[in-house]
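Heads up, the thing below is written out as structure tokens.
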Amino acid sequence: MIKVKKEGIILSKTELEFENEGVLNPAVIRVGDSVHIFYRAVQLWNQSTIGYCRLDGALNIVERWEKPFIVPEFDYESQGVEDPRIVKIDDTYYMSYTGYDGINARGALATSKDLIHFEKQGIIVPPISYAHFVYLVEAAGKVNENYYHNHKFYYQETDPEEKILLWDKNVVFFPRRINGNLVFFHRIRPGIQLVSIKEIKDLTPEFWKDYFRNFQDHIVMDPFYKHESAYIGSGCPPIETEQGWVFIYHGVEETENGLVYSACAALLDLNNPSIELARLPEALFSPEHDWELHGDVDNVCFPTGTALFGDTLFIYYGAADSYIACASLKLSDLVTELLACIKVNDNNINTTNEIMSKLLPETKEVRKEKKIPATKKIPKNQKK
């Protein structure tokens, strides 16, 4: 049984201009006994930068900057640098984040050797339109019909000069190379996909074209249970254990009171993380306290980073898009619970991937039924 302890709010907004609207969704990394937190700081008009603070141990703040740590510099992030995550691979820190230009929200990357000076590497997700995405994915065959449920988002009336690209967020790297490759999650709703490359420079237009033509092969997880039925997204960098990668992600359910964001957990194969071994049938934790239920966005627990002290795993998350909070649990208990969720049939393991593959409809049939146009070019009257 997993016992989750809500440690409460550890970081709130201040009167400083760059974070006077809220703080949320932090990148977290432990170095020695210090926990470094790089958090999304929001000021008026939803302008986001990345702030910084350092903890002594898991919960005690001993340093907090009074100015932004990372600010927008380029067109692709002109309206905000948002929702960072961080890992160390070899001798390099990889900080992924969302660059928002006022129209498009896409995964970007910055790297550092010393955790102080970061060099921005630019957008690392595919720079294609939603229509082009649909066109390429159709060639992949069976794909979850919900990958087309966003068509209304992309085909609304707007300024014809606006260029809306496929929103691709929640880029989260694994904390080491796997089979010699850099591996990261990204999220095109409603599921979570996986990329494996030798180096960042390999993310070429040709790479992405081939990737989408075989899109089903790259989907790691799709929504499965009620608490994640709307969509899911990458959360914290995966945690390596002997039994597999423990992956804490967020699941979203549409309810009478609006969308509810919960922290969820799955177990992925150690050598091939595209294989999902198990996931919890219930949320790991959900909004229950006032500071999770009410804020800039109500009903949100959005996990983005962890720190492990002994067997105690501290999970840092955005609460109601207004605060940074923390929950703790025993990692061994979580692993045990996940192992109990692996389904066995006739002495063969049935992964959730295999179960989901039997439920996937034919893409073109779904589109015809739902009367979604097989558009190959973006209409000029689309908008965000």
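Predicted model only: the values in this text are computed from it and were never measured. Start at 1 with the first residue, then count along the sequence.
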Measure the [atom1]-[atom2] distance between [X] and [Y] for me, rounded to the nearest 0.5 Å.
X: Thr49; Y: Glu82; atom1: OG1; atom2: CD; value: 10.5 Å
X: Arg85; Y: Asn25; atom1: CZ; atom2: CG; value: 7.0 Å
X: Arg189; Y: Leu166; atom1: CZ; atom2: CG; value: 11.5 Å
X: Glu19; Y: Arg40; atom1: CD; atom2: CZ; value: 13.5 Å
X: Gln243; Y: Thr336; atom1: CD; atom2: OG1; value: 7.5 Å
X: Ser274; Y: Ile178; atom1: OG; atom2: CD1; value: 9.5 Å

Indicate the atoms forming the closest heavy-atom contact of [X] with [Y], along with that distance.
X: Phe69; Y: Ile116; value: CZ-O, 3.4 Å
X: Phe207; Y: Ser196; value: CE1-O, 4.5 Å
X: Met221; Y: Ala266; value: CE-CB, 3.9 Å
X: Tyr97; Y: Val81; value: CE1-CG1, 3.5 Å
X: Ile197; Y: Glu199; value: CD1-O, 3.2 Å

Can you tell me if [X] and [Y] form a side-chain donor-acceptor pair at under 3.5 Å?
X: Asn272; Y: Asp269; result: no
X: Gln47; Y: Gln79; result: yes
X: Ser234; Y: Asn170; result: no
X: Asp83; Y: Thr98; result: no

Following the transitive rule for hydrophobic clusters with a side-chain heavy-atom cut-off under 4.5 Å over Ile, Leu, Val, Met, Phe, Trp and Tyr, establish whether [X] and [Y] coincide in one cluster.
X: Tyr52; Y: Leu24; value: no
X: Ile248; Y: Val335; value: yes
X: Leu338; Y: Ile342; value: yes
X: Ile86; Y: Val171; value: yes
X: Leu277; Y: Leu280; value: yes

Is there a donor-acceptor pair closer than 3.5 Å between any side-chain N or O of [X] and the backbone N or O of [Y]?
X: Trp245; Y: Leu270; result: yes
X: Thr304; Y: Ala27; result: no
X: Ser322; Y: Ala320; result: yes
X: His250; Y: Gly235; result: no
X: Arg30; Y: Gly32; result: yes
X: Asp298; Y: Gly295; result: yes
X: Asn179; Y: Asn271; result: yes
X: Glu119; Y: His117; result: no

Test side-chain contact (heavy atoms from CB on, under 4.5 Å) on Tyr100 and Trp167; report intermediate values, then the result. CA-CA 10 Å; Tyr100 181 56; Trp167 280 38; 4.3 Å; yes
Look at the rings of Tyr231 and Tyr261 and say which category their plane angle falls in: under 30° parallel, 30 to 60° tilted, over 60° perpendicular.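 Answer is perpendicular, since the angle exceeds 60°.
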Measure up the Phe133 and Phe215 rings against each other and bin them: parallel (under 30°), tilted (30 to 60°), perpendicular (over 60°).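 Because their plane-to-plane angle is over 60°, the rings of Phe133 and Phe215 count as perpendicular.
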Within-4.5 Å side-chain heavy-atom neighbours: [X] and [Y]:
X: Arg177; Y: Leu182; value: yes
X: Asn46; Y: Glu21; value: no
X: Asp75; Y: Asp101; value: no
X: Asn181; Y: Lys198; value: yes

Partners of His186 by ring-ring contact (aromatic ring centres under 6.0 Å, His included), sequence neighbours excluded?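 Per chain and number, His186 pairs via ring-ring contact (aromatic ring centres under 6.0 Å, His included) with Trp208, Tyr211.
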Could you work out the complete set of other residues in the hydrophobic cluster of Val28, with links drawn between I, L, V, M, F, W and Y side chains under 4.5 Å apart?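 Ile10, Leu11, Leu16, Phe18, Val23, Val35, Ile37, Tyr39, Leu55, Leu59, Ile61, Phe309, Phe314, Tyr316, Ile324, which link up through side-chain heavy atoms under 4.5 Å apart, make up the rest of the cluster.
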Please identify which of these residues, Tyr93, Phe184, Phe185, meets the ring-ring contact (aromatic ring centres under 6.0 Å, His included) condition with Phe173.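 Going through Tyr93, Phe184, Phe185 one by one, the ring-ring contact (aromatic ring centres under 6.0 Å, His included) with Phe173 is satisfied by Phe184 alone.
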side-chain contact (heavy atoms from CB on, under 4.5 Å) evaluation trace for Gln193 with Ile219: CA-CA 4 Å; Gln193 301 84 41; Ile219 299 173; 4.1 Å; yes
Looking at [X] and [Y], does any basic side-chain N land under 4.0 Å from a carboxylate oxygen?
X: Glu253; Y: Lys226; result: yes
X: Lys330; Y: Glu337; result: no
X: Asp333; Y: Lys3; result: no

Going through the checks in order, is the side-chain contact (heavy atoms from CB on, under 4.5 Å) test met by Lys120 and Tyr76? CA-CA 12 Å; Lys120 292 179 179 177; Tyr76 63 80; 4.0 Å; yes
Taking it one step at a time, do Asn299 and Thr255 satisfy side-chain contact (heavy atoms from CB on, under 4.5 Å)? CA-CA 10 Å; Asn299 302 312; Thr255 72; 5.8 Å; no
Report, one line per pair, each donor and acceptor closer than 3.5 Å where one atom sits in a side chain of residues 283-291; sequence neighbours left out.
unit_1	atom_1	unit_2	atom_2	d
Ser286	OG	Ser262	OG	2.7
Glu288	OE2	Lys6	NZ	3.0

